[in-house]
Structures are given as C-alpha cells and as structure tokens.
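What follows is a short report on a single structure.
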Amino acid sequence: MTKVIDIIAQLRRLDGAFAKREQRVADYVLANLETIAYQRQSEIAAGAGVSDATVNRFCQTLGCDGFKDFKIRFAQSVAVSLQYLGGPGNDSSVSDQLVAQVFGALVDTLNTARGQLDSAAIQAAIDLLAGARRIIFFGVGGGSANVAREGANRFFRLGIPAEAHSDGYLQRMLASTLERGDVVFAVSASGSPAELLDSVAIARQYGAQTLSLTKAGSDLALATDITIGVDLPEDQDIFKPSASRLAFTAIVDVLAAGAARKRPERVKEYLRRIRTSLMPLSKDVGPKPIGD
C-alpha cells in the first residue's frame, strides 16, 4: 500500500466509504483532531463506541501499519494542518485594516532585524562583495530564492557579475567551478537546507569565499566565512506574506548601497550606461527606478 503522508486528506477522501463501524471511528477522529494524538487506542474505541480491534482495522484502512503507526503519522500531519483548519476562512476585514496589519508587521520585523544586525559583519560583507570578481547568490524555496534573485539584480548594476540560482543540482555544479576571488552569497530563513550547506562547502573547497544571510546560529550561519545572522519571528496569520522575506531584501539593499559607495565612480558610470540604454523605451528623463 502507498505510504500515507497526509492523514487528514486521507480521512476526508475515505469519509463515507469506511465500513460502518470504522466510519464511527473516522467521525470521532475528525471531531476531535486536537486531542486524538494524546488518546490511547482504548480511549478512541470507547469514544467511538467500538472495539479496539475496529480502531486497528480503521488505521489499516487508512494505509497505516497499525495504531502506533497511525498515531505517529497523525501527530505529524495535525501539527502542520491545524493552523489551516477552521477559523475565519473568509475574513471580511476592510482594506484599511489589512493594510495596517501587513504594513505594521513589516515595520515591526524591520525594526527587529535592525536591532539584531552586527555592524562589523555588515562592513565585512560590504568589503567582500565590493571586491568580488563574481557573486553567485544561492537560495532555495520561494522566499529565499526570490531574495537571491533580487540580490543578483542589485549587484549586476554595480558592474559586478552577479547571478542567482535556486536549483540544488545546478548550485553544486556551479560551486565546483568557483575559485579565489569569487563569492557565494547563500540566503536562507531557516539556515538548514542541505543544498546550500553542500554548495557552500564545495565552493570553499576551491577557494571561493562565502557569505550567508540567514538565521543566527543555524548550520548555514556556522558554515560560511561571514554571516549576517538574524532571528525573525513569523506572524501566525497564515494568509499574510512573510515579512522576513522583505527584511532580508532590505539587508541586501544595505549591502548593495555599501558596495556601491566603495567604488563610486565605476558604479556611477555603469548606472549611467544602464539608464541611457533604457532611454529609447521612455521619454521621461527624470529620476526613476533603473529598469522600471
């Protein structure tokens, strides 16, 4: 039988299709999601008005080896799922309340990050990036990968070859081509992805220097030459975008601004060239974002 990962989905899929007495167990489990993980087999049987053997057959019907296997998989599934089950699924908050909530969380996260930043680490990172021959940004998953892409977008404008990659296999291969003068900039909110840890180790093996923007004290923080470590809490509102992603982007902007000021004449020339290349696309010659 196929291994069951999502017990909640399996329960819903089979709901109504269980044998009569097993359906009573399913009804009891679905009605008591928050407490089932703490109940013994005999307690579930008593609650559903069936025998222990029926509870065991119910577990096997779900695709588990037995009650013990069911308890383990159920606890794991519910630990993740409860925050998405129930509650106000169709919040009728007016737009100004949503603006206040999202922007307020962002401001709070930015202030938290600002208070945690180590000025010496920031300066060391700026010096490293400003003198890099090439910068490779690595990130995996949605948030960190997007921050990595933004990093490459900010630094190529300074005349420093920069690129970003989120594929773990490509990261490893690219890391093996790096050497002294190159910089790997690894981004991760958790600091634990194996892809990043492996790629950093490979790059260091061939002489490249490494920098991370990640959770303070994490495996990634300990694996790189320079670490900008922050520990940012996530909002409990599952519908709201992660503010830590924007805080990470702001830190990248700080580093880019600092690197630009270490090579001002060269950077001004590159920015002039980029802005001039865009002139045929817009008649507006006033200040505006480079690249729209």
Side-chain angles (χ1 to χ4, degrees), residues 1-102 104-105 108-109 140-145 168 188-195 215 217-219 231-245:
M1 183 175 291
T2 303
K3 180 179 178 181
V4 178
I5 300 297
D6 189 344
I7 289 288
I8 303 299
Q10 185 78 331
L11 270 169
R12 288 173 169 173
R13 186 178 70 82
L14 295 176
D15 191 27
F18 288 102
K20 183 177 179 180
R21 297 184 71 79
E22 290 180 34
Q23 182 64 51
R24 292 169 66 177
V25 181
D27 293 341
Y28 180 78
V29 170
L30 286 170
N32 298 276
L33 290 176
E34 297 187 35
T35 60
I36 287 295
Y38 305 102
Q39 295 186 28
R40 295 189 297 272
Q41 184 172 352
S42 59
E43 293 175 320
I44 295 175
V50 299
S51 66
D52 287 7
T54 299
V55 174
N56 197 61
R57 286 196 299 274
F58 160 80
C59 296
Q60 293 173 337
T61 301
L62 276 177
C64 301
D65 295 334
F67 181 72
K68 183 177 180 180
D69 186 40
F70 164 76
K71 283 286 292 289
I72 294 172
R73 299 189 187 284
F74 184 84
Q76 293 171 338
S77 181
V78 170
V80 172
S81 300
L82 276 180
Q83 61 182 313
Y84 298 96
L85 300 175
N90 186 25
D91 193 347
S92 58
S93 299
V94 295
S95 59
D96 58 345
Q97 291 177 316
L98 292 174
V99 169
Q101 180 190 18
V102 173
D108 290 343
T109 302
V140 296
S144 295
S188 173
S190 68
S192 61
E195 300 96 319
K215 184 176 181 179
S218 65
D219 290 342
D231 193 356
L232 304 176
E234 285 296 338
D235 197 292
Q236 295 302 307
D237 184 348
I238 62 173
F239 298 111
K240 189 181 69 58
S242 172
S244 64
R245 170 179 53 87

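Looking only at distances, a side-chain donor or acceptor of R24 sits under 3.5 Å from a matching main-chain atom of G49. With hydrogens and angles disregarded, no donor-acceptor distance shorter than 3.5 Å links the side chain of N32 to the backbone of T35. Proximity of a side-chain donor or acceptor of Q10 to a complementary backbone N or O of L62 within less than 3.5 Å is detected.
For the residue pair D65 and Q60, the shortest heavy atom distance occurs at O-NE2, 3.8 Å. Minimum heavy-atom separation, D52 to A45: OD1-CB, 3.3 Å. Of all the heavy atoms in V140 and S144, the pair that sits closest is O-CB, 3.6 Å.
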Passes side-chain contact (heavy atoms from CB on, under 4.5 Å), F67 versus I44? Steps please. CA-CA 11 Å; F67 181 72; I44 295 175; 3.6 Å; yes

I'd like to know whether R73 forms a side-chain contact (heavy atoms from CB on, under 4.5 Å) with D69, so could you lay out the CA-CA distance, the side-chain angles of the two residues, the decisive distance to 0.1 Å, and finally the verdict. CA-CA 6 Å; R73 299 189 187 284; D69 186 40; 3.1 Å; yes

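C64 SG to K71 NZ: the interatomic distance, rounded to the nearest 0.5 Å, is 12.0 Å.
When side chains are defined from C-beta on, I36 counts as touching F70, because their heavy atoms get closer than 4.5 Å. L33 places a side-chain heavy atom less than 4.5 Å from the side chain of I8. Using a 4.5 Å heavy-atom threshold, the side chains of N56 and Q41 count as touching. For the pair S188/K215, no side-chain contact is recorded, criterion being any heavy-atom separation below 4.5 Å from C-beta on. Considering only heavy atoms from C-beta on, S51 comes within 4.5 Å of T54 through its side chain.
For D27, the side chain to side chain contact (heavy atoms under 4.5 Å, CB included) partners two or more places apart in sequence, or in a different chain, are D15, Q23. Shown here are the side chain to side chain contact (heavy atoms under 4.5 Å, CB included) partners of E43, two or more places apart in sequence or in another chain: Q39, R40.
Listed by first and then second residue, the ring pair (Phe, Tyr, Trp, His ring centres under 6.0 Å) pairs involving residues 5-24 are F18-F58 (not counting sequence neighbours).
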